Amino acid sequence: MRVPRRFAAAAGLLALALAGCGADTGTAVDASDASPITMGFSQVGAESEWRVANTRSVQEAAAAAGIELVFSDAQQDQDRQIEAIRSFIAKGVDVIAFSPVVETGWDPVLREARRAGIPVILTDRAIRTADPGLYRTFLGSDFLEEGNKAGTWLDDRHIRAEEPVSIVEIQGTVGSAPAIERQLAFAEAISSNPQLKIVASTSGDFTRAGGRAVMEDFLADLPDIDVLYAHNDDMGLGAIEAIEAAGKVPGRDIEIISVDGVREGLQALIDGKINYIVECNPLIGEQLMELAVKIVAGEQVLSRVVTKETVFERSAALAALPDRRY
Ligand code: AHR
């Protein structure tokens, strides 16, 4: 097993101390490194309420665990994330964690981290690579399961539909794991129902403004939209603004399904403007710090840790809202 960098350094100091002082002097040298663990964390950005809650969760959990966090916001830009990871390597952090904005293009920089002996944790989003040894674990949601839950709910609701049901989809960031997997699994879940048809699908980049702009275009181009599937609440809420501005009633004229379960999303569900929300949980900071501590100590961890999540219809939203932290 590879000795973690910080313990290797401590062992080196111990050897020096023993050589210099003599083993019989009684000088105690503690081989455990008392300095705090340093984690370099590259965040996607601040594109959504989910993301803001995720950042807060990571920062609070690091402080509670006594982990020194070097935080970097990539503003949804892969090059900025690669730059941040390189700066973490140059700084010699103990562990790197990051939420990859897109799935591909990470191998070179992760090989650099591996060469430097710095373990990497993926949080929230996965990467696509032929070399799973480039990271130690992936902590986050099952986006395929989320897309499947959204599609299954819609399929059940329209199981006896005699007329075509026109669905528009507002996707997340192009090339990101949640956009790819939520789209794929949703399409698969509705595929056996010939009446359910996705008539348009465009990215709103996981932002509220993006959701509004895409929905405005859909409403201008497509006369009869029955259902909107938005890959997150923020885009769903932006789309609601566009639907209301077009004189339609969200949740009634157009059924809306979204993903996340942020406070404003749950409130819209309670108000009847959203019909169904699939939860995606951003509060993974504590689990991330626990994994980091184990990995830095040289312990084995599971290569995949899936976040627990639920779904919301109106009654569940009513029950959950008072305690919702984000
Ligand atoms: O990767 C998680 C997704 O990213 C959330 O669903 C979305 O709101 C965020 O921006």
Side-chain angles (χ1 to χ4, degrees), residues 41-58 73-78 80-81 97-104 106 121-128 135 138-151 169-186 202-212 214 228-240 256-269 274 276-285 287-288 304-312 324-326:
F41 184 87
S42 169
Q43 179 61 288
V44 168
E47 74 283 2
S48 62
E49 289 302 316
W50 188 101
R51 187 66 53 198
V52 171
N54 179 247
T55 294
R56 204 181 314 122
S57 166
V58 169
D73 175 347
Q75 296 163 44
Q76 299 249 63
D77 182 287
Q78 183 175 32
R80 279 207 188 93
Q81 280 201 295
F98 80 115
S99 174
V101 60
V102 290
E103 279 191 333
T104 55
W106 301 102
I121 302 175
L122 302 181
T123 78
D124 161 37
R125 298 182 182 180
I127 60 168
R128 206 175 312 158
Y135 60 91
F138 165 36
L139 163 69
S141 308
D142 182 339
F143 299 132
L144 286 171
E145 184 56 25
E146 292 171 355
N148 179 53
K149 285 174 181 166
E169 177 178 37
I170 309 185
Q171 296 173 35
T173 302
V174 175
S176 69
I180 293 168
E181 295 183 357
R182 286 175 189 165
Q183 177 180 38
L184 207 77
F186 177 83
T202 303
S203 171
D205 211 13
F206 281 130
T207 67
R208 190 169 182 141
R212 180 176 177 135
V214 170
L228 162 66
Y229 169 42
H231 286 193
N232 78 348
D233 287 344
D234 291 70
M235 296 189 298
L237 292 164
I240 286 172
I256 301 179
I257 309 163
S258 69
V259 184
D260 277 356
V262 299
R263 286 186 65 85
E264 218 183 326
L266 294 183
Q267 187 60 58
L269 181 53
I274 293 181
Y276 191 62
I277 295 179
V278 177
E279 185 181 42
C280 181
N281 183 1
L283 305 183
I284 54 178
Q287 274 175 298
L288 172 61
R304 175 75 170 106
V305 181
V306 183
T307 319
K308 281 207 186 93
E309 280 150 2
T310 184
V311 292
F312 296 100
R324 205 63 169 173
R325 285 156 53 196
Y326 55 92

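The structure presented is a predicted model; accordingly, all values stated were derived computationally and were not measured. Whatever order the structure lists them in is the order used to number ligands and atoms, beginning at 1.
- For the residue pair His231/Glu146, the side-chain donor-acceptor check at 3.5 Å is not satisfied.
- Each of the following atoms of ligand 1 lies closer than 4.0 Å to a heavy atom of Arg182: 6 (O).
- Shown in contact with Pro178 at under 4.0 Å from a heavy atom are these atoms of ligand 1, numbered in order with element: 1 (O).
- For a threshold of 3.5 Å applied to N or O pairs, the pair formed by His231 and ligand 1 contains no separation below that value.
- The protein heavy-atom contact nearest to atom 6 (O) of ligand 1 is Asp260 OD1, 2.7 Å.
- With hydrogens and angles disregarded, no donor-acceptor distance shorter than 3.5 Å links the side chain of Ser57 to the backbone of Ala53.
- The heavy atom nearest to atom 9 (C) of ligand 1, considering only Glu146, Glu181, Glu47, is found in Glu47.
- If you number the atoms of ligand 1 from 1 as listed, the ones under 4.0 Å from a heavy atom of Ser48 come out as 7 (C), 8 (O), 9 (C), 10 (O).
- Separating the CD1 atom in Ile170 from the OG atom in Ser203 is a distance of 9.5 Å, to the nearest 0.5 Å.
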Check against salt bridge (Lys or Arg N to Asp or Glu O under 4.0 Å), Glu181 and Arg128 = CA-CA 12 Å; Glu181 295 183 357; Arg128 206 175 312 158; over 6 Å; no
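- Taking the six-membered ring where the residue is Trp, the centroids of Trp106 and Tyr135 are separated by 6.0 Å or more.
- Interface of Asp124 with ligand 1, defined as ligand atoms under 4.0 Å from a residue heavy atom, comprises 1 (O), 2 (C).
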Let me see the working for Phe312 and Glu279 under side-chain contact (heavy atoms from CB on, under 4.5 Å), right down to the final yes or no.
-> CA-CA 7 Å; Phe312 296 100; Glu279 185 181 42; 3.9 Å; yes
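- Counting heavy atoms under 4.0 Å from ligand 1, residue Arg125 touches it through the side chain alone.
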